[in-house]
Participant: 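Sharing a structure with you now.
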Amino acid sequence: MGSLVDSLRYDGSTNSPYDPNGNIVKYNDPSATEQLVVPYDNSGNFFQIGSTFNHNLSIRGGNDMATFALSLGRVDQTGIVPLTAYSRTSLRLTGDLKLSPKIKLSGSANYILGSGDRAQRGSNLSGVMLGLMRAPITFDLANGSSNPVNDSTAYQLPNGDQRQFWDVYDNPYWSINKNKNKETIDRLIGYAEAVYTPTEWLKLTYRAGLDTYSQLVNGYWDNASSEFGTGRIYLQNTNLRTFNSDFLISLSKKITKSFDATLVVGHNYQSNLRRTNDSEGYGFVLPNFYDIANINTLDVSTDDYTDRDRLIGAYADLTLRYNNYLFLNFTGRNDWTSTLSPNRNNFFYPSTSIGFVFSEAFKLENKVFSFGKLRASFGIVGNGAPFSYATGTYFSNLGATQGLLSYGPDGSIADPNLQPEKTSSYEFGTDLRFLQNRVQFDITYYNATSVGQILPVPVAPSTGYGSLITNLGEVNNQGIEATLSIKWFDDDGKSDRLGWQTQFNFTRNRNKVVSLDGKADNLALGNYGLASTSSQAIVGQPYGMLWGSIWQRDTNGNILVDEQGYPIRASNSGIVGNPNPDFILAINNNLDWRGFALSFLWDIKQGGDMFNGTAGVMKNHGTHISTENRDEEIVWEGISQSTGQANTIPIKLNEQFYSRYPLAGVSEASIEDASWVRLRELNLTYNLPAKILGKLSGCAITLTARNLLLFTPYSGIDPETSLSGAGNSSGVDYFNMPGTRSYGINLKFDF
């Protein structure tokens, strides 16, 4: 943890490679000068203001027989981390053509070219945040440079070695210059559709779509980088092609004066083909030349693999309507998938729903009550394996063994008896409207149970494998979704009158892991950051509970304290937090007046825990703001293990305290409430009046701000962060990238 900054001095050395002011010593050291050590704001000086430029041009035209639309878009973006950038160019053409009153053709083609230059992030020894936040405030990561991003003296010593505080973590200026992660994507998305309407009650539709892209990833780490001390380059070239087609027959017929029906039957075909080529090598021969040709051929490995899957489906959808107030719907679909064994690869899943507009049936409409509807539904959804080759163990390239090419079984045990995943759900709801639709209220209760989810389950290493792919468990989700919309003022389409509408969206979900089929009591959903803390599926608990190291407690739940007054870490692990929120509420307002339009969205999340591993590590290093009280004495609230009485022994939250526990401390101590109230988005638009537009048919100026305000008890960078990204694991903050606040202006011209 070290000494307080105000007790440190420079010794006046002029040859220190780590600080031009000299070496840092205690104030009472014989070499100490009168020059105080000034703390550096490394994080404040590192980040930059990012920018996004978005340009779009679109042209539309046509007549009664044919129409077309052509659009061109360009996005150029720089990130808050220096030397990070993203760009995208897209070109889209759509059109339709009526060959006759009964035949219509349409299609679309969209070409996208994107490229990105990303920073190292997350739990990675070369990650920007680890090197940035773990350096003490007495170490200047920029080495006094006014332009450290482009000045190598900030991050490199004269002999070529990396200039870093601790050789475990990269200097972030080194990382953004020497450790790159580049990506280029070429993508084409298109479809063609033909519609034939021989009669007013019959329509035939065929639609075929293609999504094909190539992705090139080029990542490298310099020889002197921490994550790969020998240097590494990784190249991956992926080509993906997805073909999808649907043939639909739609029949819509009025059977009697009060009764009509619509029937849709169809066929779906989907095929995915992915080809990947991987190359990697270790140790660059020449410095600053990050190419695989600069790797000794003995240290280069390559591999390629092909991934295919196919799905065929047949389905039907029948809707019956009676007097426009009673609606019945029945659907059924059968799928055949290549990701399951031939004798188990087809599954049927139906659904049914009913809707009753009781206000229409009983003629209840009046000035107060405008509309009322009740609805209910039940359905089953089926899925095959979420990835290919889950039913048969395959062999992978193990590299050279005694000079010979060798292959071995993949790390997962496949299961030829996998069953389809299935989710059954039912819901009830109502839609009520009042005061001539000025007040609308919609509420739904849902209950969904998923069984047989296909997941990799860890197995004992003695088996020679790391996991078993199997159907596992039962998870239940139930909750309420409600929407309330209120028109406070109605402009009635007149620009000089104020219009104001507010919409409230409320969601409350409760989930529970009902069973893991006796195969386990808990299942890790991914190990991100520190191994001591993870998200888990635990029988009888909500999904994704945080599991980690805990304090030792007595039978009454009190923390036990040792004879020196320090809390005792338990030898076992346990549940430390629940990342699932109590509820989520969004409040959106829209106001219109005299050409101005103002909208603002409040986003509220109540409850949900976050493991602040970043703070835990920084406390251990003495760089967290909470360690400023390191000389203050406290009495830890707990029970003495030796006497059974309330603890009365004072301790200091100093180096002696934090060094008693692991690097990030005890998981339980780093759990925080991740509730928030956030002004998610604010938009102000002004539409210029027609009398000053001249030849323009429209002109609008919009000012936008996102994440403008945040109120939260969470002490980390952002309570919305997640180390695992979009993965199943959630509620872990371990040197994650900070969130951003953005401001923008948009100009739109119509000719």
Side-chain angles (χ1 to χ4, degrees), residues 1-8 18 23-29 37 39-40 42-43 123 125 127 129-139 141 164-170 226 529-534 546-553 559-574 576-577 611-642 647-672 715-716 732-735:
M1 177 174 287
S3 305
L4 293 172
V5 175
D6 58 11
S7 68
L8 302 176
Y18 295 99
N23 300 308
I24 298 175
V25 296
K26 290 278 289 185
Y27 71 94
N28 55 0
D29 189 279
V37 169
Y40 298 103
N42 286 312
S43 58
S123 183
L125 297 181
M129 291 298 290
L130 271 82
L132 186 64
M133 305 305 293
R134 293 195 178 191
I137 57 177
T138 56
F139 183 79
L141 290 168
Q164 58 199 130
F165 172 74
W166 190 14
D167 60 5
V168 176
Y169 306 107
D170 285 346
S226 298
L530 293 174
S532 63
T533 311
S534 62
L546 296 171
W547 180 272
S549 54
I550 57 177
W551 298 119
Q552 188 171 335
R553 299 176 183 268
I559 297 177
L560 294 178
V561 179
D562 65 18
E563 295 179 350
Q564 296 176 294
Y566 293 101
I568 302 172
R569 178 195 176 201
S571 58
N572 61 302
S573 296
V576 295
F611 169 66
N612 192 348
T614 307
V617 173
M618 293 179 67
K619 289 176 183 178
N620 183 282
H621 292 339
T623 58
H624 195 265
I625 190 171
S626 65
T627 63
E628 288 182 335
N629 66 349
R630 64 189 67 176
D631 286 332
E632 298 179 12
E633 288 189 345
I634 69 161
V635 175
W636 193 277
E637 185 177 349
I639 299 297
S640 172
Q641 186 182 43
S642 58
N647 175 50
T648 59
I649 303 173
I651 60 172
K652 291 183 179 181
L653 300 183
N654 55 14
E655 183 175 5
Q656 186 177 356
F657 171 79
Y658 291 111
S659 63
R660 298 173 66 90
Y661 307 105
L663 179 64
V666 176
S667 303
E668 182 180 351
S670 294
I671 296 297
E672 298 183 31
S715 68
V732 177
D733 180 358
Y734 189 72
F735 295 94

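Positions are given from 1 along the sequence.
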Participant: Ser549 and side-chain hydrogen bond (donor to acceptor under 3.5 Å, both in side chains): which single residue from Ser670, Ser571, Ser667 fits?
Facilitator: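 So the option named by the test is Ser667.
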Participant: Residues in side-chain hydrogen bond (donor to acceptor under 3.5 Å, both in side chains) with Ser640, at least two apart?
Facilitator: Ser642, Thr643
Participant: Go through Leu653 and Thr627 one step at a time and tell me if the side-chain contact (heavy atoms from CB on, under 4.5 Å) criterion holds.
Facilitator: CA-CA 7 Å; Leu653 300 183; Thr627 63; over 6 Å; no
Participant: Would you give the length of the straight line joining atom CG of Asp29 to atom CD1 of Ile24, rounded to the nearest 0.5 angstrom?
Facilitator: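 One finds 12.0 Å between CG of Asp29 and CD1 of Ile24.
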Participant: Identify whether the distance between the nearest side-chain nitrogen and carboxylate oxygen of Arg569 and Asp562 falls below 4.0 Å.
Facilitator: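 A salt bridge is absent here (no side-chain N lies under 4.0 Å from a carboxylate O).
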Participant: Quick one: OG1 on Thr138 to CG on Asn42, what's the gap to the nearest 0.5 Å?
Facilitator: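 Atom-to-atom, Thr138:OG1 and Asn42:CG are 9.0 Å apart.
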Participant: To the nearest 0.5 Å, how far apart are CZ in Phe657 and CH2 in Trp636?
Facilitator: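 Between atom CZ of Phe657 and atom CH2 of Trp636 there are 4.5 Å.
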Participant: Does Glu672 reach the main-chain N or O of Ser715 with its side chain, forming a donor-acceptor pair under 3.5 Å?
Facilitator: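 Pair found, side chain donor or acceptor close to backbone of Ser715.
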Participant: Parallel, tilted or perpendicular: which describes the rings of Phe139 and Tyr18, with under 30° parallel and over 60° perpendicular?
Facilitator: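 Phe139 vs Tyr18 ring planes: tilted.
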Participant: Could you give me the CA-CA distance, side-chain angles and deciding distance for Tyr661 and Trp551, then say whether ring-ring contact (aromatic ring centres under 6.0 Å, His included) is met?
Facilitator: CA-CA 11 Å; Tyr661 307 105; Trp551 298 119; 5.3 Å; yes
Participant: For the pair Ile568 and Ile559, evaluate side-chain contact (heavy atoms from CB on, under 4.5 Å) and give the outcome as yes or no after the intermediate values.
Facilitator: CA-CA 8 Å; Ile568 302 172; Ile559 297 177; over 6 Å; no
Participant: Between atom CH2 of Trp547 and atom OG of Ser532, what is the distance when rounded to the nearest 0.5 Å?
Facilitator: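 If we round to the nearest 0.5 Å, Trp547:CH2 and Ser532:OG are 13.0 Å apart.
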Participant: For Tyr734 and Asn612, what are the C-alpha separation, side-chain angles and deciding distance, and is it a side-chain contact (heavy atoms from CB on, under 4.5 Å)?
Facilitator: CA-CA 7 Å; Tyr734 189 72; Asn612 192 348; over 6 Å; no
Participant: Please report the interatomic distance CD1(Ile550) to CD1(Ile671), rounded to the nearest 0.5 Å.
Facilitator: 12.0 Å
Participant: How many angstroms lie between OG in Ser7 and OH in Tyr27, if you round to the nearest 0.5 Å?
Facilitator: 7.5 Å
Participant: If every non-hydrogen atom of Val168 is compared with every non-hydrogen atom of Ser226, which pair is closest and at what distance?
Facilitator: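 For Val168 and Ser226, the tightest heavy-atom pair comes out as O-CB, 3.0 Å.
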Participant: Glu632: what forms a side-chain contact (heavy atoms from CB on, under 4.5 Å) with it, not counting sequence neighbours?
Facilitator: Asn629
Participant: For Tyr566, enumerate each residue passing the ring-ring contact (aromatic ring centres under 6.0 Å, His included) test, keeping only those at least two apart in sequence or located in another chain.
Facilitator: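 So Tyr566 forms no ring-ring contact (aromatic ring centres under 6.0 Å, His included) with any residue.
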Participant: Report the residues that fulfil side-chain contact (heavy atoms from CB on, under 4.5 Å) with Ile649, sequence neighbours left out, ordered by chain and then residue number.
Facilitator: Asn647
Participant: With sequence neighbours excluded, what pairs up with Arg553 under the salt bridge (Lys or Arg N to Asp or Glu O under 4.0 Å) test?
Facilitator: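 Partners of Arg553 under the salt bridge (Lys or Arg N to Asp or Glu O under 4.0 Å) test: Glu668.
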Participant: For the residue pair Asp170 and Leu125, establish whether any side-chain heavy-atom pair is separated by less than 4.5 Å.
Facilitator: no
Participant: Test of understanding: with ring-ring contact (aromatic ring centres under 6.0 Å, His included), list the residues that count as partners of Tyr40, not counting sequence neighbours.
Facilitator: none
Participant: Please say whether more than 12 non-hydrogen atoms of neighbouring residues, nucleotides or ligands are located less than 6.0 Å from CD in Glu637.
Facilitator: no
Participant: Set out, in order, the CA-CA distance, both residues' side-chain angles and the distance that settles side-chain contact (heavy atoms from CB on, under 4.5 Å) for Ile651 and Gln564, then state yes or no.
Facilitator: CA-CA 8 Å; Ile651 60 172; Gln564 296 176 294; 5.8 Å; no
Participant: Is a donor on one side and an acceptor on the other found under 3.5 Å between the side chain of His621 and the backbone of Thr623?
Facilitator: no
